[in-house]
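Notes follow once the structure below has been shown.
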4 protein chains.
Amino acid sequence: MRIKDENKQQRIKEAMVSLILREGIDGTSVAKIAKEAGVSPATIYVYYDSKEEMLAEVFREYSSAPYRYLMQRVTPDMEPAALIETIVRGCYSFSREHEEIFSFVEQCSRCPNLSEYVSEEECSCDILDLIHGYQERGALRPYSDWNMGAVLFAPVRFLAMNRCEESPGEEQLSELIRMLQRLLLY
Amino acid sequence: MRIKDENKQQRIKEAMVSLILREGIDGTSVAKIAKEAGVSPATIYVYYDSKEEMLAEVFREYSSAPYRYLMQRVTPDMEPAALIETIVRGCYSFSREHEEIFSFVEQCSRCPNLSEYVSEEECSCDILDLIHGYQERGALRPYSDWNMGAVLFAPVRFLAMNRCEESPGEEQLSELIRMLQRLLLY
Amino acid sequence: MRIKDENKQQRIKEAMVSLILREGIDGTSVAKIAKEAGVSPATIYVYYDSKEEMLAEVFREYSSAPYRYLMQRVTPDMEPAALIETIVRGCYSFSREHEEIFSFVEQCSRCPNLSEYVSEEECSCDILDLIHGYQERGALRPYSDWNMGAVLFAPVRFLAMNRCEESPGEEQLSELIRMLQRLLLY
Amino acid sequence: MRIKDENKQQRIKEAMVSLILREGIDGTSVAKIAKEAGVSPATIYVYYDSKEEMLAEVFREYSSAPYRYLMQRVTPDMEPAALIETIVRGCYSFSREHEEIFSFVEQCSRCPNLSEYVSEEECSCDILDLIHGYQERGALRPYSDWNMGAVLFAPVRFLAMNRCEESPGEEQLSELIRMLQRLLLY
DNA sequence: CATGAATGAGAATTCATTCAT
DNA sequence: GATGAATGAATTCTCATTCAT
């Protein structure tokens, strides 16, 4: 028998995510995904039971991608100010380097049928653990997890979403970093 | 006769927004909208040229709804601290009182085909004007519009999106308000 | 608006029944039915919610057709011998004149998912009522409904099903009639 | 190795027949059969050239099963009355003991594409030969083979098909036997 | 204005079958 | 012989839209 081609599944995922960036979830059909991935529509059903399950599974997988990306850039011995900067810049550069995944996750997390498959808090738990360390030794103010997440991730994503010609990018980003440092450091 | 028309269009809009909360944009068809609104599918085309245009038009209309809601609750002579509290609480209570519109706007603003019809900055310009007033007279720190918007609206929406049993709500909200007051007041 | 075309629904039914005679239930797709009826596949779903429901509904409608056919040929004042002859010949000629419906009903009544929609006894109740009359006045032997139905309808249908060149038809039929007369008359 | 093969083919046959009882011919796919038999879809094509041929072959094999079942229960020296009783009861108990095969054969024999692979008369020839013996020595009335088959098999199958709570079963069966004895004995 | 009927195009999914191992 | 992967073709059904009234 032929061996299951991991490469093929990867291509399917990438095709899906890429299409969803360009056309949105509801503009993305199984047929289009198959064509973009260079496989038959039927092949997709070898790997996933349904379109919905495919979305959910890939969403589950990718929803923690930005946090994994961050985790590779932060260390527990960074200066607190650098930590904040790294997080904010990391969030932003993730959204540029992995535009497709960023847009995919943003869309899925707003979609009522999909959002319940994934919880933000689970995805961000590693980075929050790290932040706890800082909080415990008095290097960051002891705000709750919810609000730490809310201020560290939401505004920068907001900028990433709404970026356009008029938004200078770098300047905004530096300002936001300074704001969060003032907010979270002693 | 005039009333009846307005009524019908209103019912169509509400049906659409309500369906989109429950089933997501791509689970919402013209036929379903028509059934939910109690009209014929053809009637929808009396008011809108296409489904896409309908979505865009309603999105355009509702995207400023949270800001209009806020504008009714703030006044230029509030204490700055109260202004911040009112904005944050307003954002949150809007998301509870108008769950459907909130979810609809969140979904649309992430959808590549729709998001370009509307710009956040236009929607929020009134409230930003008001904030400018405060900034000019030194009552709020002079951060850029982009970042004022980012920190005032994004985190509270983040809480509203991810609210669940474990998130106490009121406590989180008060904490967030205190954080923003510390950040934005002198 | 356009008016619902009864003629169209009739054509759909006939197309379906005709195809099922030629190709069997599992060789009959909605697309083929639509083509044969000269309508779009989508039109079929204006009249029926699903293929299964279409089959069930038409089955329900046609399953009593042979009995209605019989009822038009018998009268309560016939001689008992003539009654038996009329029933048997009626069954047979129905199977020739309405070959499609005959085959359709035979197929559906053997299909596990469909057979439960229709009960033989309900369909045959009129003719059995008439037979009761004969039985009560001692013109036919007082066998149970089930067995009256079993011997009056099953053997002739068996002949109709298995007819071929070697089966002479008329001779068999006359013999069967004589048999049933001997069996049921005093 | 030989045993394993036979085993596998047997399991395939049983899976198919069992599925067809539950879901009907058109609800039974090669994939489902394979899963139910615990083999790969490809394996089925080791034994059969196509789905149609598989159906035809198994139909051919099983269509004579009820007659073989009967032949094991009758002997040429039975009393004629007992012969009739044995045939009728045999038909009925076959339909209960081998529900799946019974339903399978009934469905196939009504299906236009399959019925031509098998002729009833061939299947029933052994039992008809035996009946000829009785007829020649004047123990059964000399009706034609077609009608002997028609009255001996069709009514009892009709009862077996339409059996339900309201049909008492045993009582009906005894009555039917008495009827046929009166009809066929001198 | 308002509509139910009608539809071509396309949706998701399944099918019978084949291929490479 | 036996298999899981792979697929082109076909399946059922839905879609956004238009038509005739």
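- Looking at the side chain of Ser40(D), the nearest of the listed nucleotides dC1(E), dT12(F), dG4(F) is dG4(F).
- Base pairing annotation: dA20(F) forms a Watson-Crick or G-U wobble pair with dT3(E), both donor-acceptor distances under 3.5 Å.
- In this structure, the CE atom of Met16(B) is 16 Å from the P atom of dC15(F), given to the nearest Å.
- Nucleic acid contact class of Thr43(D) (heavy atoms, under 4.0 Å, all strands): base.
- Side-chain proximity of Tyr47(D) to dT3(E), dG1(F), dT13(E): nearest is dG1(F).
- Nearest to the side chain of Ala42(B), among dA2(E), dG1(F), dT18(F), sits dT18(F).
- Residue Pro41(D) has its side chain nearest to dT17(E) when only dA2(E), dT18(F), dT17(E) are considered.
- Ranked by how close their nearest DNA chain E nucleotide is to the 5' end, Val39(B) and Glu52(D) are led by Val39(B).
- Across all strands, Val30(B) comes closer than 4.0 Å to base atoms (heavy-atom distances).
- Taking the side chain of Tyr45(B) as heavy atoms from C-beta on, and the options dT7(F), dT17(F), dA11(E), the nearest nucleotide is dT17(F).
- Atom NZ in Lys35(D) sits about 11 Å away from atom P in dC15(E), given to the nearest Å.
- Remark: dA10(F) base-pairs with dT13(E); criterion is Watson-Crick or G-U wobble with both hydrogen-bond distances under 3.5 Å.
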